[in-house]
**Student:** 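Mind having a look at this structure? Questions to follow.
Remember, predicted model here, so these are calculated numbers, not experimental data.
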Amino acid sequence: MASKMSNKQVIFKNYVTGFPKESDMELRTSTISLKLPQGSTGVLVKNLYLSCDPYMRGRMTKREFTASYFDIFHPGSPITGYGVAKVLESGDPKFEQGDFVWGHTGWEEYSLITATQSLFKIHQHPNIPLSYYTGILGMPGITAFVGLYEICSPKKGETVYVSAASGAVGQLVGQFAKLMGCYVVGSAGSKEKVDLLKNTLGFDEAFNYKEESNLDVALKRYFPEGIDIYFENVGGKMLDAVLLNMRSHGRIAVCGMISQYNLEKSEGVHNLMSLVTKEVRMQGFTVFSYYHLYGKFLEMVIPHIKEGKVTYVEDVVEGLESAPSALVGLFAGRNVGKQVVVVSEE
C-alpha cells in the first residue's frame with residue numbers, strides 16, 4: 001500500500017443561516033499518509049459508511065454559546081460525524097489492524113482519529129449489515145433505547161406518540177414500544193412515510209402532519225384518552241399540541257426539535273402549564289451520558305433483529321459526492337428511514 005494516498009473530502013465552506021444548501025459544502029481531494037505519525041495513540045481508518053443526522057445542523061451555525069452538543073464545524077475543514085470504518089493502523093491497544101469500528105470520523109475516504117475514546121469496536125454478527133452501526137446498532141439505536149426505556153419507562157397498554165416517526169430514531173422507538181405492548185401512533189410528512197409506519201414498521205396508526213390543519217384535533221382523534229408517552233423529535237407547534245393531550249403523570253423524552261433547527265429565532269411554546277396541571281415529566285437528554293448502557297442495549301436489540309421482530313429502514317446513497325445532498329435532504333424530509341452514505345464497500 002502506498003504511503004501517500006489521495007483522500008476525497010467533503011469540506012464545510014462557511015457558516016449557515018436558515019436552511020443549509022449543498023453549496024455550503026464542497027468536494028476536495030487532498031493527500032493523506034497511510035502511516036501513523038511516530039508515537040501516535042490514534043487510529044488510521046478507511047471510512048465505509050457515513051451517517052447523516054439532524055444534530056449536524058447545529059454545528060453549521062456560529063454561536064458564542066452553541067446550542068449543539070458538539071463543537072461547531074470549522075470553515076475550510078472536513079465535515080465530521082458518525083460513521084463506520086475499518087482500522088488500517090492503530091496506536092491504541094484497544095484496536096487492531098482489520099477491526100471494524102463505529103464512532104466519530106471525518107467525511108472523507110481516510111481519517112486519522114486521535115479521539116479514540118469516541119470509537120466502539122464492532123463485533124460482527126452474521127447477516128447484520130455493517131451499515132446498521134450508523135443506525136439501529138449505533139447512536140440512533142441507543143438514543144431510542146435510552147429515551148423510551150430509561151426516561152419514559154413504558155408499561156404494557158400505555159399510549160405512545162412518536163413524532164418524526166420514520167426517521168433513524170423514531171422508527172425504532174415505535175417498534176420498541178410495540179414490543180412492550182403499547183398502543184403506538186407516529187406522525188411523518190408524506191403518504192409514503194405514513195404507509196411505511198403502518199405497513200412495514202408495525203405502528204398501530206400514523207398520520208401525515210402536513211395534512212392536518214389542527215394538530216390538537218388530530219391528536220384527539222388518535223388518542224381520545226390522551227397520551228402517556230411522547231417521544232419528542234420535532235418541537236414547535238407539535239409540542240404545543242401534545243402538551244394539551246398528555247395524560248396525568250405522562251412522560252415526555254425530548255430527543256430533538258428538528259422544526260426549529262433552521263429558524264433564526266425559535267418558536268415559543270405556550271402550553272407548558274399542562275406539565276403542572278397533569279404532573280407530566282418532561283426530560284431532555286443527550287445520548288453521550290448513556291453510552292455506558294451500550295452493552296445492555298445490544299443484548300436487547302440483536303436478538304430482536306435476528307428474530308425479525310425489529311425492522312430497520314435505511315435510505316442509502318452512494319459516494320462521498322452524494323453526501324451534501326443527502327445531509328441537506330434531511331431538513332426537507334426527503335429521506336425515508338435512516339440516511340446513510342456509502343463511501344466504500346471495503
**Student:** For the residue pair F176 and V310, establish whether any side-chain heavy-atom pair is separated by less than 4.5 Å.
**Tutor:**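 SC-SC contact between F176 and V310 confirmed.
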
**Student:** Please tell me if the side chains of R334 and S325 come closer than 4.5 Å, counting only heavy atoms from C-beta onward.
**Tutor:**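 Yes; the side chains approach each other to less than 4.5 Å.
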
**Student:** K338 pairs by side chain to side chain donor-acceptor pair (under 3.5 Å) with which of S51, S166, S131?
**Tutor:** S51

**Student:** Are D240 and K237 ion-paired here, with the side-chain N under 4.0 Å from a carboxylate O?
**Tutor:** no

**Student:** Picking from Y55, Y82, F288, Y291, what satisfies ring-ring contact (aromatic ring centres under 6.0 Å, His included) with H104?
**Tutor:** Y82

**Student:** Would you name the heavy atoms of P140 and D53 that are closest together and state the gap between them?
**Tutor:**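 Reported closest heavy-atom pair: CG-OD1, 4.3 Å.
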
**Student:** Run the side chain to side chain donor-acceptor pair (under 3.5 Å) test on T159 and E225 for me, step by step, so that the C-alpha distance in whole Å, both residues' side-chain angles and the decisive distance to 0.1 Å come before the verdict.
**Tutor:** CA-CA 9 Å; T159 57; E225 304 297 321; over 6 Å; no

**Student:** Could you give me the CA-CA distance, side-chain angles and deciding distance for R247 and F223, then say whether side-chain contact (heavy atoms from CB on, under 4.5 Å) is met?
**Tutor:** CA-CA 10 Å; R247 297 185 71 181; F223 297 100; over 6 Å; no

**Student:** For D92 and T41, test the side chains for any donor-to-acceptor distance below 3.5 angstrom and give the result as yes or no.
**Tutor:** no

**Student:** Under 4.5 Å between any side-chain heavy atoms of I302 and H123, yes or no?
**Tutor:** no

**Student:** Let's go through N208 and K191 carefully: what are the C-alpha distance in whole Å and the side-chain angles of both, what is the deciding distance for side chain to side chain donor-acceptor pair (under 3.5 Å) to 0.1 Å, and is it a yes or a no?
**Tutor:** CA-CA 7 Å; N208 182 349; K191 181 182 185 302; over 6 Å; no

**Student:** A side-chain contact here means heavy atoms from C-beta on lying under 4.5 Å apart; do N233 and I258 qualify?
**Tutor:** no

**Student:** With rounding to the nearest 0.5 Å, note down the distance linking CD in E109 to CE in M5.
**Tutor:** 7.5 Å

**Student:** Do V185 and L172 belong together in a cluster built from hydrophobic side chains that touch within less than 4.5 Å?
**Tutor:** yes

**Student:** Quiz question: by atom type and distance under 3.5 Å, do the side chains of Y290 and T143 form a donor-acceptor pair?
**Tutor:**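 Y290 vs T143: no donor-acceptor pair found between side chains.
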
**Student:** Does the side chain of L320 reach to within under 4.5 Å of the side chain of L50, using non-hydrogen atoms?
**Tutor:** yes

**Student:** Using the rule that two of Ile, Leu, Val, Met, Phe, Trp, Tyr join whenever any of their side-chain heavy atoms come within less than 4.5 Å, decide whether V234 and Y261 are in one cluster.
**Tutor:**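 Yes, V234 and Y261 fall within the same hydrophobic cluster.
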
**Student:** Identify the residue among V254, V184, V173 that makes a side-chain contact (heavy atoms from CB on, under 4.5 Å) with F231.
**Tutor:** V173

**Student:** Between R251 and E158, does any side-chain N to carboxylate O distance fall below 4.0 Å?
**Tutor:** yes

**Student:** Once you measure the plane-to-plane angle for F297 and F145, does it fall in the parallel (<30°), tilted (30-60°) or perpendicular (>60°) bin?
**Tutor:**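 Plane angle between 30° and 60°, so tilted.
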
**Student:** What's the shortest heavy-atom distance between P154 and L148, and which atoms?
**Tutor:** CD-O, 3.1 Å

**Student:** Determine the interplanar angle of the W102 and F120 rings, folded into 0 to 90°, and report it as parallel if under 30°, tilted if 30 to 60°, perpendicular if over 60°.
**Tutor:** parallel

**Student:** Could you give me the CA-CA distance, side-chain angles and deciding distance for R221 and E205, then say whether salt bridge (charged side-chain N to carboxylate O under 4.0 Å, His left out) is met?
**Tutor:** CA-CA 11 Å; R221 185 164 70 242; E205 289 289 352; over 6 Å; no

**Student:** Below 4.5 Å, heavy atoms only, C-beta onward: do M25 and V328 meet side chain to side chain?
**Tutor:** yes

**Student:** Minimum heavy-atom separation for L36 and L44, please, with both atom names.
**Tutor:** CD2-N, 4.0 Å

**Student:** Is a donor from one side chain sitting under 3.5 angstrom from an acceptor on the other, for E299 and Y294?
**Tutor:** no

**Student:** Could you please spell out the steps behind the side-chain contact (heavy atoms from CB on, under 4.5 Å) verdict for M139 and V169?
**Tutor:** CA-CA 9 Å; M139 182 271 287; V169 175; 5.6 Å; no

**Student:** Please work out whether the ring planes of Y15 and F12 are parallel, tilted or perpendicular, with thresholds of 30° and 60°.
**Tutor:** perpendicular

**Student:** Are there more than 12 heavy atoms of other residues, nucleotides or ligands under 6.0 Å from atom CD of Q97?
**Tutor:**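 No, CD of Q97 has 12 or fewer neighbouring heavy atoms, counting only those of other groups under 6.0 Å.
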
